[in-house]
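A short write-up of the structure that comes next.
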Number of protein chains: 2
Amino acid sequence: MFKKAKQSRVFQDIVEQIQDAIINGKLEPGAKLPAERELKDMFNTSRGTLREALRVLEQKGLIEIKLGVSGGAIIKHMDAEPIVESLALLIRSGEVSLKHLSEFRIKIEGSLVEIAASRATKEDIKELEILFNKAKGYYEKDDWGNFLKTDEKMHMYIGTMTRNPVFQFVQKSIHDNIHQYYEEYLPMNKKRTLENLTDFEKIIKAMKINDSQTASATIIDHVKRFNDKMQEKIKLNTK
Amino acid sequence: MFKKAKQSRVFQDIVEQIQDAIINGKLEPGAKLPAERELKDMFNTSRGTLREALRVLEQKGLIEIKLGVSGGAIIKHMDAEPIVESLALLIRSGEVSLKHLSEFRIKIEGSLVEIAASRATKEDIKELEILFNKAKGYYEKDDWGNFLKTDEKMHMYIGTMTRNPVFQFVQKSIHDNIHQYYEEYLPMNKKRTLENLTDFEKIIKAMKINDSQTASATIIDHVKRFNDKMQEKIKLNTK
DNA sequence: TGTGTAGAATGGTTTAACCATTATCATTAT
DNA sequence: ATAATGATAATGGTTAAACCATTCTACACA
C-alpha cells in the first residue's frame with residue numbers, strides 16, 4: 001500500500017538538483033559550476049557533503065572536475081562512457097565472457113548494418129571508402145595494429161550511419177570492451193586479413209545499391225570470422 | 001608516445017583497491033566491509049576521503065550502504081542497474097527518443113527470441129505457459145496494469161532463456177526504460193490485447209518445435225504493434 | 001619583448017566533533 | 001514468564017575549520 005519512505009541524504013538531494021538542471025538544459029555542456037566553497041553556501045551545506053554529491057555526478061559522467069585556479073566542475077556532454085564502464089565491470093568480474101559478448105555482437109552488428117545500409121548517403125559511402133583505403137594501406141604494409149584500429153573505425157562509422165544513438169552507444173560499448181582481447185588473441189594473418197578487406201569491399205558495394213540484406217549478411221560473416229579466430233586462439237592457449 | 005600521467009586522488013586509489021578485491025572474488029556478494037572508522041585507518045586516510053570512495057563504489061553498483069548499528073557497506077551482486085540508469089539519463093536528456101529505443105528494441109528482441117527458441121528447454125516452455133495463462137486471466141478481467149506487467153515478465157523470461165547475460169542486461173535496460181511510456185501512451189484496447197495474447201501463443205508453439213524463425217518473426221510483429229500504438233498516441237497528444 | 005616568479009583561487013585532504021538511525025540488551029510493568 | 005519500554009552503543013550522515021597541492025594570472029625584471 002505504501003512505498004517505503006525513502007531515506008534522505010543531503011548529498012542525494014544536491015545530486016538530483018544539479019542533475020535535473022543539466023537534463024532540463026538549464027546547465028549546458030561546457031558550463032562551469034561555481035566553486036565548491038560557493039556551492040556549499042548555495043545549498044546551505046558543508047563542503048564534505050557537497051563533495052560527495054560531486055563524486056556521484058562525476059561517476060555518472062555528468063561533470064568533469066579540473067584542478068587549480070579557474071578549475072572546477074564542468075558540465076560534460078553525455079555519452080556512452082558510463083555504460084562502457086559498467087559493461088567492462090561485468091566482463092572483468094566474469095559475469096560476461098568473450099563468447100557471450102561475441103554472440104551478442106554478431107546479432108547486433110547484423111541489424112546495425114542493415115539499418116545503416118538503408119540510410120546510407122553519398123557522404124557516408126565516401127567516408128567509408130576513405131577508411132577502407134586506409135585499411136588497405138595498412139594491410140599492404142603489414143601494419144597489423146593500425147589495420148585493426150581502422151577496421152574498428154569502420155565499424156563505428158557504420159554505427160553513426162544508423163542515425164540512432166542507441167545503436168551507436170551499444171556499438172561503442174561492445175567494441176571498447178572487446179578490444180582488450182584483440183592484442184592477446186588476434187594474431188596477424190595475411191590471408192584472413194585480406195578476407196576481411198574483401199568483406200568491407202562487398203559491404204560498401206552493397207550499400208551503394210541499398211542492398212541491405214547483402215551488407216548485413218556480409219558483416220555477420222565478417223564478425224563471425226573475427227570471433228572464430230579469437231576463440232581458436234583462446235582454446236590453444238588454455239590447452 | 002606517452003600516456004598522460006594520471007593525477008592521483010586518494011579516494012580513487014581506495015575505489016580501485018576495493019573494486020579489484022570484489023572483481024577478484026576476495027570480497028563476495030553479501031560480505032560486509034569494516035566500519036568507516038576502521039577502513040579509514042586501514043587505508044591510512046581521513047573519513048571524508050574514504051566516504052568519497054564509498055560514494056563512487058555505491059554509484060557503480062558495487063556496494064550498498066545500510067544505516068544504524070550493524071549497518072555498513074555490503075558487497076552487492078553485479079547487475080544491469082547502472083546501465084539501466086545511464087540509459088535512463090540519456091533518454092531523459094533527449095539524446096535518445098522513444099523512436100530510437102523502439103527501433104533498437106525491435107531488432108534486439110528479434111535476435112533474442114531466435115536464440116531463446118533454439119535453446120528452449122521443457123522447463124522454459126512450462127514457465128512461459130504459466131505466465132501466458134496469468135496474462136490471459138488479466139485480459140479476461142480487463143486488468144490492464146497487471147496484463148502489462150505479465151507481458152513484460154514474459155519478455156524478460158525469454159531474455160533469461162538465451163543463457164547470455166548480455167542479452168538479459170540489454171533486455172532489462174530497454175524494458176525498464178520503455179516502461180515509463182506505457183501508462184501514458186498505451187491505452188487499453190481489448191481487441192489489440194487479444195492480438196498480443198495470440199502472438200505469445202504462436203511464439204510458445206513455435207518454441208516447442210524449435211522453429212526459431214517463426215518465433216522471431218512473431219515477436220517482431222508483436223513489438224512493432226506495441227510501438228505503433230504508442231507512436232499513434234504520441235502523435236495525437238502533440239497535435 | 002620575453003621570462004620567471006609570487007600570489008591567489010581552486011580542488012584535495014585532514015581532523016575532530018556532533019547528529020540521526022537502528023540493533024541490542026536491560027528494565028519494568030503486567 | 002512475557003511483553004512493552006527505554007537506555008546504550010555502534011554505525012553512517014553532517015558540519016566546521018584549517019591546511020596542502022595544483023594551476024592560472026599578473027607583474028616585475030632582464
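Predicted model, so just to flag it, every value in this text is computed and none were measured.
Remark: aromatic rings of B:F167 and A:H100 are distant, center separation not under 6.0 Å.
With hydrogens and angles left out, the side-chain atoms of A:Q59 and B:E58 include no donor and acceptor closer than 3.5 Å. Checking A:D13 against A:Q17 by side-chain atom types alone, a donor-acceptor pair falls below 3.5 Å.
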Atom pairs under 3.5 Å: protein N/O with N/O of nucleotides 9-11 of chain C:
{"unit_1": "C:dG11", "atom_1": "OP2", "unit_2": "A:E36", "atom_2": "N", "d": "3.0"}
{"unit_1": "C:dG11", "atom_1": "N7", "unit_2": "A:R37", "atom_2": "NH1", "d": "2.9"}
{"unit_1": "C:dG11", "atom_1": "O6", "unit_2": "A:R37", "atom_2": "NH2", "d": "3.0"}

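With sequence neighbours excluded, the residues forming a ring-ring contact (aromatic ring centres under 6.0 Å, His included) with A:Y182 are A:H179, A:F226, listed by chain and number.
Taking atom CD1 of B:I14 as the reference point, atom C1' of C:dG12 lies 12 Å away to the nearest angstrom. For A:F11 and D:dT14, the CZ to P distance is 7 Å, given to the nearest whole Å. Atoms NZ (A:K40) and P (D:dA16) sit 7 Å apart, rounded to a whole Å. Taking atom CD1 of residue A:I74 and atom P of nucleotide D:dC24, one finds them 11 Å apart after rounding to whole Å.
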Please report, to 0.1 Å, the donor-acceptor pairs under 3.5 Å made by any side chain of residues 63-77 of chain A, with sequence neighbours excluded.
none

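Classification of B:K126 and B:E123 as a salt-bridged pair fails, no side-chain N sitting under 4.0 Å from a carboxylate O.
Residue B:T49 places at least one side-chain N or O under 4.0 Å from the OP1 or OP2 atom of C:dT14.
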